[in-house]
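Everything on this sheet refers to the single structure shown next.
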Amino acid sequence: MDNRTVAAIFSEMADILAIQGENYHRIMAYRRAAENIAALGRPLEEVWRAGELETIPGIGKTLAAKIDELMRTGRLQAYEKLKAQVPEGVVAMLQIPDVGPRKAALFWKELGITSIDELEKAARAGKLRDLPGMGVRSEQKVLEGIQALRRRTGRIPLGVAWELVQAVLLPLREVPGVVQAAPAGSLRRMRETVGDLDLLVAAEDPEPVMARFRELPQVAEVLLSGPTKTSIRTHDGFQVDLRVLEPARWGTAIQYFTGSKAHNIRLRGLALDRGLSLSEYAIKREDGTEILCATEEEVYAALGLPWIPPELREDRGEIEAALERRLPDLIELADLQGDLQFHTTWSDGHASLLEMAEAARARGLKYGLVTDHSRGLGVARGVGPEELRRQRAEIEEVNRKLGGTFRVLAGVEVEVRADGSLDLPDEVLAELDLVVAAVHSGLRQGREQVTARAIAAIRNPHVDILAHPTGRLIGRREGADIDIEAVLQAAAEAGKAIEINAHPLRLDLNDVHVRRAVELGVTLVVNSDAHRPEDFDLLRFGVATARRGWATGADVLNTRSVEEVLAWVRQRNR
DNA sequence: GCCGTTTTCGGCCCGACTGTTTTCAGTCG
């Protein structure tokens with residue numbers, strides 16, 4: 001039983017307990033356990049076998065026993081008992097905005113409603129308005145919530161959220177009196193998907209900012225608007241929350257709204273230990289006097305901590321690391337010296353080798369590995385032995401033209417066939433500077449088969465890097481059911497590198513797997529996988545994912561110089 | 001249900017906004 005399944009069960013148990021009106025903290029215990037299991041980075045089953053379940057934060061005797069039952073029997077009696085008590089459709093109602101556990105329970109108990117469809121009918125028939133605590137407006141909000149839920153395509157991919165936020169912040173920055181404007185929330189933490197978009201503006205007078213925000217062309221609907229907060233929904237169905245506050249309180253505010261919730265709860269606990277109360281407005285002493293923080297550094301310092309990078313703020317050990325002054329020195333975009341995967345018109349890229357090299361150079365990179373697809377992948381065109389030989393001539397010509405300001409290395413993205421063999425003969429691969437291997441087809445194979453293919457590729461002496469190991473496309477396609485732990489172990493043994501593909505729909509490895517790779521000492525590579533010149537800008541998302549996985553510059557191969565990268569290849573191939 | 005250099009019991013973050021209410025409950029983040 002894998003981590004995601006166990007996490008989902010605990011999360012659903014929390015929902016059911018909430019509908020039943022259970023003790024809030026007991027519910028939170030289940031949620032926290034679910035989150036920590038999902039973020040574990042190594043197989044829960046392995047932790048269970050080692051008898052170390054209770055070393056996981058938020059797992060005590062009771063939950064450890066429940067995990068044990070799940071691992072041994074594949075079932076959990078307590079879960080089945082809970083599920084039998086509350087209809088599935090009632091639990092599903094929690095997905096509707098503005099419907100929480102209390103209201104879901106109310107609709108169910110008072111009117112016998114057990115599905116979202118029934119709820120919609122009841123709302124249309126005006127049956128909800130007479131319930132205690134409800135009214136005509138609330139009934140309308142339920143209907144609107146159901147519509148919003150049906151429109152919602154799920155969480156927003158990081159790349160889309162990034163673009164939208166840049167577009168919205170620009171006009172807000174032009175409003176007179178605006179001192180600062182920045183994204184907060186999971187976008188600032190650079191999570192791979194973003195739920196609602198959180199924006200923060202510092203200005204003495206909030207109203208002109210709110211007014212400008214409400215009138216943006218992207219706005220389809222104003223959900224709520226007060227003196228400190230306005231929420232809108234865009235035409236694309238995305239919710240954007242804007243908070244405006246005075247500049248003197250910027251530090252506490254941006255800290256608070258960056259989250260995560262779990263990180264903030266821990267921080268507030270630390271504040272209480274020191275006789276302080278932390279809120280988005282200030283740090284309050286017990287006598288009621290306020291400490292205003294204009295910067296985040298001041299907030300953390302007041303709690304005895306160094307500043308913690310936003311990408312780490314998930315309560316995955318960063319607070320302990322900060323207390324012990326052992327936060328990692330995270331990799332930064334500027335640390336990258338090269339990019340070890342980009343494409344050209346030799347396969348499915350949209351620009352010439354020279355154009356791509358110049359684009360990479362314009363972004364401060366010093367080298368790049370051209371990795372057009374081998375033939376086996378059914379993309380338009382693709383390179384075989386003959387094309388690679390001819391491309392080599394073009395590489396030399398481009399390198400001459402660039403006159404030492406940038407170096408193109410010869411590579412390929414070689415297809416791992418369904419049977420685990422590679423799409424190009426070894427002697428052809430041997431002539432290249434570096435070889436990137438990738439699985440694109442047969443992603444739906446069984447776990448053992450697809451894992452074996454990836455490991456076979458890693459063990460091929462000519463392969464240096466395994467690209468986007470799961471092949472997922474966020475929000476579009478599940479990745480292969482691949483045993484990442486086994487792949488990482490194989491890479492560690494063979495001394496091969498694993499890619500963090502920076503494309504915002506891939507981010508593959510993901511943050512949790514990066515963390516595990518770092519623990520295992522696996523060499524990582526952050527690659528743009530650029531298919532057009534502007535795609536080199538995507539590297540920021542790959543670096544962010546590396547940072548979320550606690551990776552330092554030393555963990556990532558392409559922070560090294562081109563000579564060091566080539567030496568890394570040679571010392572292994574001897 | 002978890003957790004512990006103020007604790008093995010009694011805590012567990014804090015506030016905005018809305019809609020329903022005459023002081024608060026529910027939801028959200």
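Below, read A as the first sequence line, B as the second, and so on, with proteins coming before strands; counting in each chain starts at 1.
The C1' atoms of dT8(B) and dC13(B) are separated by 24 Å, rounded to the nearest whole Å. For the P atom pair drawn from dG15(B) and dC9(B), the interatomic distance equals 31 Å after rounding to whole Å. Going from the P atom of dA16(B) to that of dT6(B) covers 31 Å, rounded to whole Å.
One finds no side-chain N or O of S277(A) lying less than 4.0 angstrom from the OP1 or OP2 phosphate oxygen of dC13(B). At the phosphate of dG1(B), OP1 or OP2 sits under 4.0 Å from a side-chain N or O atom of K66(A).
For residues 118-146 of chain A, proximity to DNA chain B is found at G133(A), M134(A), G135(A), V136(A), R137(A), S138(A), K141(A), defined as any non-hydrogen atom under 4.0 angstrom from a strand atom. For residues 249-276 of chain A, proximity to DNA chain B is found at Y256(A), K261(A), I265(A), R268(A), L272(A), defined as any non-hydrogen atom under 4.0 angstrom from a strand atom. A heavy atom closer than 4.0 Å to some atom of DNA chain B occurs in no member of residues 1-9 of chain A.
The residue S225(A) sits close only to the backbone: its heavy atoms come under 4.0 Å of sugar-phosphate atoms, none of a base.
The side chain of Y281(A) lies closest to dA16(B) when the candidates are dA16(B), dC13(B), dC17(B). Side chain of H25(A), nearest nucleotide from dA16(B), dG1(B), dT27(B): dG1(B). Taking the side chain of R102(A) as heavy atoms from C-beta on, and the options dG1(B), dG29(B), dG26(B), the nearest nucleotide is dG26(B).
Rounded to a whole Å, the CD atom of Q239(A) is 16 Å from the P atom of dT27(B). Summarising the geometry, the separation between CD1 on I19(A) and P on dT27(B) is reported as 10 Å, rounded to the nearest angstrom.
In this structure, dT7(B) is classed as syn because its glycosidic torsion stays within 90° of zero.
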R547(A) vs D511(A), salt bridge (charged side-chain N to carboxylate O under 4.0 Å, His left out): CA-CA, chis, key distance, verdict: CA-CA 8 Å; R547(A) 290 168 63 86; D511(A) 54 354; over 6 Å; no
